[in-house]
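So the structure is just underneath, and the comments pick up after that.
Order of the sequence lines sets the chain letters (A, B, ...), proteins ahead of strands, with each chain counted from 1.
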Number of protein chains: 2
Amino acid sequence: MTNFEGMGSLTEENYIKSIYSLSLEAGEVTVSELAKKLNVKLPTVNSMIKKLAAKKVVSYAPYQGIKMTEKGKKEALSIIRKHRLAELFLVKVMGLGWEEVHDIAEQLEHVESERFYNRIDEMLGKPKVDPHGEPIPDVNGKIHSKNRLAVSQMKEGTSGKISAVSNDEKSFLDHLNAKGIQIGDLITLKKRESFDGSVLIITKAKKETMLTHQVAERIWVES
Amino acid sequence: MTNFEGMGSLTEENYIKSIYSLSLEAGEVTVSELAKKLNVKLPTVNSMIKKLAAKKVVSYAPYQGIKMTEKGKKEALSIIRKHRLAELFLVKVMGLGWEEVHDIAEQLEHVESERFYNRIDEMLGKPKVDPHGEPIPDVNGKIHSKNRLAVSQMKEGTSGKISAVSNDEKSFLDHLNAKGIQIGDLITLKKRESFDGSVLIITKAKKETMLTHQVAERIWVES
DNA sequence: TTTTAAAGTTAGATGAGTCTAACATTTAAA
DNA sequence: TTTAAATGTTAGACTCATCTAACTTTAAAA
Ligand SMILES: [Mn+2]
Ligand SMILES: [Mn+2]
Ligand SMILES: [Mn+2]
Ligand SMILES: [Mn+2]
């Protein structure tokens, strides 16, 4: 059960993925952000960061933020690639719903087998987008990311095609399923309430639906 | 990353699987057999056995052999089911060769998801046999095992259909691939050398091939 | 600018899974 | 039936990933 030459343990892989996704928002990642995301305490993160820094996956100096190195980004993108390929495979080939694939992909992303992922990639025709609209990095870690605008940022009266959701937890996607919202749907923003940031949209099925700000900011339309 | 209620860690699952398969040969399993199979030292096995005994997965008294409990057998069969379903899926749905699926299945068997395995089972039509001819336990752990005879035990002049191989390591299966031997092939045993136990068989393609005893005893024909 | 709160670090402990070295028991040979 | 070899067990140590408690540094308030 020895790990791959130069590759990290399952735990390390999860740290790398989390650091990467947090760094997309802020550039520098803090120890406490990471601790919250991974559900561990601060000292746990602190000691793991030292290990990752020793492996040149992140750069770090005490009391400073955590930054990914190029090596770290490559590893992160490779794991994200596997995660998203797995999700799409589970939906397209195995017929699972977009709301139930994330938890399985969290496990499959750690499977170590070039062959396995190459076959998935081929069977899906080298896809560029996962079931939640998120881009799938290619084998070299390159991402084709489209310009996107959160539904919470749309101007009243404008329309847009839903291109992605920035959360793939089951509870959130169950909520969207209940409202009949899917990737690819054309929606129109009818009204935004300035009080709480909730929005009223007109869905594909010409139905009016209200979305809270928390929901609207996690749905992206093409721009 | 907490483990399933009552279910074991990845390490425990690997012990359970190994104990089960060794117990099929001998009933009682020894500490040293297990240590050899798992590539760990005797004291490592000793302490893990105590843990498994505490969990009622095996029964054990010092210096006595290790026996699986009913609970342990159930767990073992559930893991074996997942392993074999995964192997067949990799071959039938994903187009991989029978020689390359075992290592991937070793990882997939630990995936925790009813949905995942139910879909695989459905897509394959609730299959009974894996790509190596080994029976796939059903959800209740029931196995339909056919009567089998090792090629090394066949009488000279008799024929039989290859129904399984009792080893799914890549090196062994590469060897069979090179000799053009597959599950389902009808073969005839032409001669057995009493000196070294090697056998001469006539394959489906009417070609004569020599198999060493080590190989012949790992290939089963229906009887 | 002092004080306080938040964030980060160090020290030391724990459980899982592994190891080596030393000792005990069982089995096989002499 | 004594001796030697093989097998099994105990004790103690190590790494990994985690924790709590105590201390330090930085950032925010007063
Ligand atoms: Mn996901
Ligand atoms: Mn996704
Ligand atoms: Mn196998
Ligand atoms: Mn098999």
Side-chain angles (χ1 to χ4, degrees), chain A residues 1-19 22-23 25-55 57-67 75 79 106-107 110 112, chain B residues 1-19 22-23 25-68 75 79 106-107 110 112:
Chain A
M1 235 106 317
T2 322
N3 284 312
F4 206 86
E5 209 55 65
M7 261 299 291
S9 66
L10 186 148
T11 308
E12 281 174 23
E13 289 193 357
N14 285 331
Y15 274 81
I16 290 169
K17 219 177 22 143
S18 294
I19 296 167
L22 288 172
S23 73
E25 328 271 287
E28 297 238 320
V29 178
T30 68
V31 173
S32 39
E33 280 169 350
L34 247 188
K36 184 195 274 187
K37 177 139 193 166
L38 290 165
N39 270 304
V40 296
K41 304 298 181 190
L42 293 182
T44 307
V45 170
N46 185 267
S47 68
M48 181 56 81
I49 287 303
K50 285 179 185 169
K51 193 198 293 188
L52 293 177
K55 292 193 178 183
V57 167
V58 300
S59 65
Y60 149 90
Y63 296 103
Q64 242 79 350
I66 302 157
K67 278 200 301 267
E75 279 196 39
I79 303 164
E106 284 291 312
Q107 301 177 64
H110 303 290
E112 218 164 72
Chain B
M1 236 104 315
T2 322
N3 283 315
F4 206 85
E5 209 56 66
M7 259 302 288
S9 64
L10 185 149
T11 308
E12 280 173 25
E13 288 192 357
N14 285 331
Y15 274 83
I16 290 169
K17 220 176 24 142
S18 295
I19 297 166
L22 288 171
S23 74
E25 326 274 285
E28 297 236 323
V29 179
T30 68
V31 173
S32 40
E33 280 169 349
L34 246 188
K36 183 194 276 187
K37 178 141 194 164
L38 290 165
N39 269 302
V40 293
K41 304 296 182 188
L42 293 182
T44 306
V45 170
N46 185 268
S47 68
M48 180 57 80
I49 286 304
K50 285 179 185 169
K51 192 199 289 190
L52 293 177
K55 291 193 176 183
K56 312 277 188 198
V57 168
V58 301
S59 65
Y60 149 90
Y63 296 103
Q64 243 77 354
I66 301 156
K67 277 200 301 265
M68 294 219 97
E75 280 195 40
I79 302 164
E106 284 290 312
Q107 301 177 63
H110 304 290
E112 219 165 70

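For B:Lys56, there are no salt bridge (Lys or Arg N to Asp or Glu O under 4.0 Å) partners two or more places apart in sequence or in a different chain. The salt bridge (Lys or Arg N to Asp or Glu O under 4.0 Å) test applied to B:Lys37 returns no partner, not counting sequence neighbours. Under the side chain to side chain donor-acceptor pair (under 3.5 Å) criterion, A:Glu13 pairs with A:His110, sequence neighbours left out. Not counting sequence neighbours, the partners of B:Lys41 by the side-chain contact (heavy atoms from CB on, under 4.5 Å) test are B:Pro43, B:Thr44. In this structure, the side-chain contact (heavy atoms from CB on, under 4.5 Å) partners of B:Glu33, at least two apart in sequence or on a different chain, are B:Leu22, B:Val29, B:Thr30. By the salt bridge (Lys or Arg N to Asp or Glu O under 4.0 Å) test, A:Glu12 pairs with A:Lys51, A:Lys55, sequence neighbours left out. Shown here are the salt bridge (Lys or Arg N to Asp or Glu O under 4.0 Å) partners of A:Lys67, two or more places apart in sequence or in another chain: A:Glu28.
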Under-3.5 Å N/O pairs linking protein and nucleotides 25-29 of chain D:
| residue | atom | partner | partner atom | Å |
| --- | --- | --- | --- | --- |
| D:dT25 | O4' | A:Tyr63 | OH | 3.3 |

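Within residues 30-38 of chain B, the residues having any heavy atom closer than 4.0 Å to DNA chain D are, in order of number, B:Thr30, B:Val31, B:Ser32. Contacts of residues 39-49 of chain A with DNA chain C (heavy atom under 4.0 Å): A:Leu42, A:Pro43, A:Asn46.
Look at A:Lys50 and you'll find a side-chain N or O under 4.0 angstrom from OP1 or OP2 of C:dT10. Look at B:Tyr15 and you won't find any side-chain N or O under 4.0 angstrom from OP1 or OP2 of C:dA16.
For the atom pair CG of B:Asn46 and OG of B:Ser32, the computed distance is 11.5 Å after rounding to the nearest 0.5 Å. Taking CD1 from B:Ile79 and CD1 from B:Ile16, the interatomic distance works out to 5.0 Å, rounded to the nearest 0.5 Å.
The shortest heavy-atom contact between B:Leu42 and B:Ala35 is CD2-CB, 3.8 Å.
Computed from coordinates, the A:Tyr60 OH to C:dA7 P distance equals 16 Å when rounded to whole Å.
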